[in-house]
*Asks:* 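Structure below; questions to follow.
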There are 2 protein chains.
Amino acid sequence: MYRERMTTRDWRPRYQVVAEEIRDQILNGDLGPGDALPSEPALSTQYDLSRTSVRNAIQQLKEWGLVRSERGRGNYVRPHRQRFIRKQPDLYQWEKNRVHLPDDERGQEGATEHQTGRPLSDLVIPAEYVTIEAGDELAEIFGVEAGTPMLERRYGTRTADEAAPLSLGRSWIVKETAAQNPDLLEAENEPWPGGTQHQLFTIGIELDRIEDRIIARAPTADEALRLELDPGTPVIVIRKTSFSTNGDVVEMADVVLPSDRAELHYMTSLERWT
Amino acid sequence: MYRERMTTRDWRPRYQVVAEEIRDQILNGDLGPGDALPSEPALSTQYDLSRTSVRNAIQQLKEWGLVRSERGRGNYVRPHRQRFIRKQPDLYQWEKNRVHLPDDERGQEGATEHQTGRPLSDLVIPAEYVTIEAGDELAEIFGVEAGTPMLERRYGTRTADEAAPLSLGRSWIVKETAAQNPDLLEAENEPWPGGTQHQLFTIGIELDRIEDRIIARAPTADEALRLELDPGTPVIVIRKTSFSTNGDVVEMADVVLPSDRAELHYMTSLERWT
DNA sequence: GAGTGGTCTAGACCACTGT
DNA sequence: CAGTGGTCTAGACCACTCC
């Protein structure tokens, strides 16, 4: 049954009104992080709406990232997950500077630790290596023929104390290039002390520049599952392309980060005026 | 009425199955960009599901960014919006290099045009200036007392031919600093030839570095409206902090970009090994 | 067992779009 | 006008959590 229908221009659906009212309660602190919302039947009575409409309102609050549902327990104001920070250009130069250090010293701290500020022991980085044939996209990026064998590495980063990964990554390199150092073809050698730039150094490649392309999008079902994302949480995708000093693309990587936990930092140093 | 209930572990709700089936049709090309999905009543009959459940499936497809709804017309496979590219560190140095050029030369091309590659005439940048008092967050960032007057500038970028803005921005500067050149306090002087770095130059400030912090999140209702975002489309937020050569924060800005259209580029040049 | 959110039904009226 | 998606109702059974 429909009640009063307004003729004013700014009619809003009633579930929207409810969503905004609860949103305001969260934003001004009447409902704090971790607090339970009234149950759906309770809200249904309170606002004189069907449960379906109340669920519409809660759906809206989830899309705003303010609420999460726990089956069998209740709807809760979403606590801000602790954000981890991924420092970028600084990181790349830092990694390059360490390439020539001896193995044992390089192994003490890797790029992920440098990026996130966590100690090495917290981080588990399972890697998986497979050989694929370059599709049209990879072929164009690397400037090779489609069908060229590529080494694809898949990995995640995570802390030992939390189940959900901090990131999911895939990287590609032309297999022929990598094969110049057979150690690079074995997943068992991960984590490689000193990271990708040292791996490339062992086959005589120096990097000149790295380009990052960043987009945000909705996660795939698989990503949502593996990163334990709440519905409506976007992911940040970094496509990192590494160029050697003679202008070739030598490595490309896609890194998927959960936007509720990740934050990227880029620092630009400007030249002084003279 | 419920039908067969599986006891297998991987039970999926029927709306989920429908969503995945339609998703696959889109991904393998049976449904191309811009194509209309069957109407909701039609899907309801086709899958022997209530319209509510069909709508659940379509909601899922919207969250995946694959489908958009048009009221009174139908549900459509979402054409990929053309992405525009925002180049970052390169841009900052480019802008700094132009600070000393004469006004007329500087005015010919601004930062937004340089970033997006579109001609100047396409871009309309309405700006609004207001004076606010620094809250705790701004006060801490700028190293001033809470309550200090700040100049807040709000602006958007858009093309002349499309109604939806490319970005929404707000920037802050300590009012006392800006007041050293009274021209900076007037919104009517926008667009300022040469951008922020030239504005700062007129009051004797040289920038040393710029830090960008990037997050992705769900849009606020206001942002979704102004950027004309489809439900489920995240936004990218860049918080840009500019440091002067003597280490002070002189400007801070938040830029909100629609993730269905924007892509960020960062380029890192690495020093050569000697 | 009582209470929660997740899924689902079979209807209904509405505003909007096209012809 | 007929057809579409948007909103809404008043129920129902389910799996899950907590006591």
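Each chain gets a letter, A, B and so on, in the order the sequences are listed, and its residues count up from 1. Below, all heavy atoms of this structure are taken into account, side chains as well, without hydrogens, waters or symmetry copies.
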*Asks:* Between Ser39(A) and Val54(B), which has a closest nucleotide on DNA chain C that is more 5'?
*Replies:* Ser39(A)
*Asks:* Output the rounded distance in Å from CG (Asn75(B)) to C1' (dC16(C)).
*Replies:* 14 Å
*Asks:* Would you mind reading off the distance between Leu37(A) atom CG and dG3(C) atom C1', rounded to a whole angstrom?
*Replies:* 16 Å
*Asks:* dT4(C) P sits how many Å from Tyr76(A) OH, rounded?
*Replies:* 10 Å
*Asks:* Is a side-chain N or O of Thr241(B) found less than 3.5 angstrom from the main chain of Met252(B), in a donor-acceptor match?
*Replies:* no
*Asks:* Taking atom C1' of dT7(D) as reference, at what distance in whole Å does atom OH of Tyr47(A) sit?
*Replies:* 18 Å
*Asks:* Between the protein and nucleotides 17-19 of chain C, are there any N/O to N/O pairs under 3.5 Å, and if so, what are the atom names and distances?
*Replies:*
from: dG18(C); atom 1: OP1; to: Arg73(B); atom 2: NH1; distance (Å): 3.3

*Asks:* Which part of the nucleic acid does Asn56(B) contact within heavy-atom distance under 4.0 Å: base, sugar-phosphate only, or nothing?
*Replies:* nothing
*Asks:* I need the CZ-P distance between Arg55(B) and dT4(D), as an integer number of Å.
*Replies:* 14 Å
*Asks:* Without swapping roles, check the side chain of Ser259(B) against the backbone of Pro234(B) for a donor-acceptor pair under 3.5 Å.
*Replies:* yes
*Asks:* Among dG6(D), dC8(D), dC8(C), find the nucleotide with the atom closest to the side chain of Ser69(B).
*Replies:* dG6(D)
*Asks:* Is the distance from OP1 or OP2 of dT7(D) to the nearest side-chain N or O of Tyr15(A) less than 4.0 Å?
*Replies:* yes
*Asks:* Could you pull out all donor-acceptor pairs under 3.5 Å where a side-chain atom in residues 29-42 of chain A meets a protein atom, sequence neighbours excluded?
*Replies:*
from: Asp35(A); atom 1: OD2; to: Gly32(A); atom 2: N; distance (Å): 2.8
from: Ser39(A); atom 1: OG; to: Ala42(A); atom 2: N; distance (Å): 3.3
from: Glu40(A); atom 1: OE1; to: Arg51(A); atom 2: NE; distance (Å): 3.0
from: Glu40(A); atom 1: OE1; to: Arg51(A); atom 2: NH2; distance (Å): 3.1
from: Glu40(A); atom 1: OE1; to: Arg55(A); atom 2: NH1; distance (Å): 3.3
from: Glu40(A); atom 1: OE2; to: Arg55(A); atom 2: NH1; distance (Å): 3.2
from: Glu40(A); atom 1: OE2; to: Asn75(A); atom 2: ND2; distance (Å): 3.3

*Asks:* Could you tell me how far apart Gln16(B) (CD) and dC14(D) (P) are, to the nearest whole angstrom?
*Replies:* 21 Å
*Asks:* Any chance you could lay out the side chain to side chain contact (heavy atoms under 4.5 Å, CB included) test for Arg217(A) and Glu223(A), step after step, and finish with the verdict?
*Replies:* CA-CA 11 Å; Arg217(A) 57 166 171 77; Glu223(A) 289 163 350; 2.9 Å; yes
*Asks:* Could you tell me whether the side chain of Arg51(B) has a donor or acceptor atom within less than 3.5 Å of a complementary atom in the base of dG6(D)?
*Replies:* yes
*Asks:* Counting any heavy atom closer than 4.0 Å, what does Leu49(A) reach on the DNA or RNA strands: base, sugar-phosphate only, or nothing?
*Replies:* sugar-phosphate
*Asks:* Knowing that exactly one of Arg213(A), Arg239(A), Lys240(A), Arg170(A) qualifies, which makes a salt bridge (Lys or Arg N to Asp or Glu O under 4.0 Å) with Asp254(A)?
*Replies:* Arg239(A)
*Asks:* Check the distance between dG6(C)'s P and Gln60(B)'s CD and give it to me in whole angstrom.
*Replies:* 13 Å
*Asks:* Out of dC8(C), dT9(D), dG5(C), which nucleotide sits closest to the side chain of Ser53(B)?
*Replies:* dC8(C)
*Asks:* Within this structure, what is the CD1-CG distance for the pair Ile214(B) and Leu257(B), rounded to the nearest 0.5 Å?
*Replies:* 9.5 Å
*Asks:* Write down the distance between CD (Gln59(A)) and P (dT7(D)), rounded to a whole number of angstrom.
*Replies:* 12 Å
*Asks:* From Gln59(B) CD over to Thr52(B) OG1, what is the distance, rounded to the nearest 0.5 angstrom?
*Replies:* 13.0 Å
